[in-house]
Amino acid sequence: MPELPDLVHLVKVLRPALAGRRVEAARLRNPLVLRLLLPGDFTSLLSGRRFETLERHGPFLRFGLGDLDLVCHLMLAGRLRLAPRAEKPLAFTAFALDLDSGQTLSYGDEKSMGKIYLGEAGRFESIPGYLSQGVDVTGPDFSYELFTALIAKKRCQARVFVMDQSLLSAIGNAYADEILFEAGIHPKAPCGSLPEDKRRALYEAVKTVLAWGTEEVEKAGRPLEEKVRGHLRVRNRAGQPCPRCGATIRKAGVLGFDAFFCPICQPDRAGRGLDWTRLEGKKE
Ligand SMILES: [Zn+2]
């Protein structure tokens, strides 16, 4: 579920709420999601610990509890919730931590695809993908110069480039579609041959679309575990009119993932002979 704007929002809400809070009891309900990187067991390792820090690293959330790190990679269906202890448990709860504030931090995952790593602080080498994240696209290091250098080396489709976490950390399916729509770039356009104006547009769109998404998630003010997607303009909108030009939004497969786009606003410049305005759009 969570994409970058959701994670930025999660950190903003959870960081002050968890700072200094002590774990009174820890419960593990679905060991499938847990990767224990040190001897001991989940419950006794976490009981009595205090939350000190919370940082986002690409798609990872790193909760610092003294000399332990609890690192969450929520993947497709992972959800975090902070709620009063008396509330009924989150669906598909994988673990729950009762805090001295009377609240419970729980993690639910109906697909059991997410990964929760508990290990010594700062030891990330056992966490797949952690150390290979590219530049944080929400941070100050994400400059146009760096972006140009990254894209110049690539020959892949634009959507594949945007979603490559070892280059840009970290854009998921929904915002990849929104970014390409904003930039007016076809998802299958070869990224290495984009003209200068389109490269600039893509760079700007990464920043503006993620900032807009974060604002929309905040504005919606929904509980942390809920998906906020109503503001998206093309994602999962095949068959609906484009909000910009009215043409019918299409869906296409890009390396096994569904991509949603407007065939007029995002023309296929590579000219592979496909007229996307005439193809039948599949409704979701
Ligand atoms: Zn359009």
Side-chain angles (χ1 to χ4, degrees), residues 1-6 8-9 76 137-138 142 144 147-148 150-151 154-164 167-168 170-220 222 227-284:
M1 148 325 204
E3 294 243 0
L4 212 146
D6 308 310
V8 170
H9 179 59
L76 272 187
V137 292
T138 66
F142 182 53
Y144 184 58
F147 176 81
T148 311
L150 293 174
I151 201 168
K154 291 286 164 183
R155 295 286 171 270
C156 58
Q157 297 170 334
R159 192 172 192 277
V160 176
F161 169 76
V162 167
M163 290 189 67
D164 186 338
L167 304 172
L168 308 178
I171 298 163
N173 277 295
Y175 286 94
D177 284 347
E178 297 299 316
I179 286 166
L180 292 169
F181 174 71
E182 177 65 23
I185 295 172
H186 192 279
K188 294 191 179 192
C191 71
S193 51
L194 287 175
E196 166 69 21
D197 64 325
K198 282 293 167 194
R199 283 185 191 198
R200 175 58 84 167
L202 183 55
Y203 169 73
E204 295 297 341
V206 169
K207 297 204 297 184
T208 57
V209 167
L210 293 173
W212 162 73
T214 305
E215 220 172 88
E216 290 291 328
V217 170
E218 270 171 26
K219 231 164 56 187
R222 302 302 302 158
K227 229 182 193 182
V228 179
R229 293 287 187 271
H231 56 287
L232 300 183
R233 297 174 297 179
V234 289
R235 183 69 191 169
N236 285 332
R237 296 199 187 278
Q240 297 178 27
C242 165
R244 204 169 269 161
C245 76
T248 305
I249 290 168
R250 302 296 181 199
K251 181 168 94 167
V254 177
L255 280 196
F257 294 100
D258 288 335
F260 296 83
F261 65 101
C262 169
I264 300 294
C265 298
Q266 298 165 262
D268 187 354
R269 282 163 209 266
R272 280 177 296 266
L274 283 177
D275 183 352
W276 290 97
T277 61
R278 286 164 180 271
L279 291 180
E280 196 53 50
K282 276 187 236 151
K283 289 219 169 79
E284 281 297 274

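Counting convention: from 1, in listed order, for ligands and their atoms alike. Keep in mind the model is a prediction, meaning the values are calculated, not measured. All residue numbers in this chain count up from 1 along the given sequence.
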Asker: Rounded to the nearest 0.5 Å, how far apart are CD1 of Ile171 and CD1 of Ile179?
Answerer: 4.0 Å
Asker: What pairs with Lys207 under side chain to side chain donor-acceptor pair (under 3.5 Å), at least two apart in sequence or on another chain?
Answerer: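 Listed in chain order: Tyr203.
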Asker: Do Glu196 and Arg200 sit within salt-bridge range, that is, some charged N less than 4.0 Å from a carboxylate O?
Answerer: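 Looking at Arg200 together with Glu196, the answer is no, because their closest N to O distance does not fall below 4.0 Å.
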Asker: Name all residues meeting the side chain to side chain contact (heavy atoms under 4.5 Å, CB included) criterion together with Asn173; count only those two or more places apart in sequence or in a different chain, and write none if there are none.
Answerer: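 Side chain to side chain contact (heavy atoms under 4.5 Å, CB included) check on Asn173 returns Glu3, Arg159, Met163, Arg235, Phe257.
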Asker: At what distance, to the nearest 0.5 angstrom, does CD1 of Ile249 lie from CZ of Arg244?
Answerer: 10.5 Å
Asker: For Glu215, check salt bridge (Lys or Arg N to Asp or Glu O under 4.0 Å) against everything at least two apart and list the hits.
Answerer: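 Counting only residues at least two positions away or on another chain, Glu215 forms no salt bridge (Lys or Arg N to Asp or Glu O under 4.0 Å).
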Asker: Suppose the cut-off is 2.8 Å; how many protein N/O/S atoms fall inside it around the Zn ion (ligand 1)?
Answerer: 4
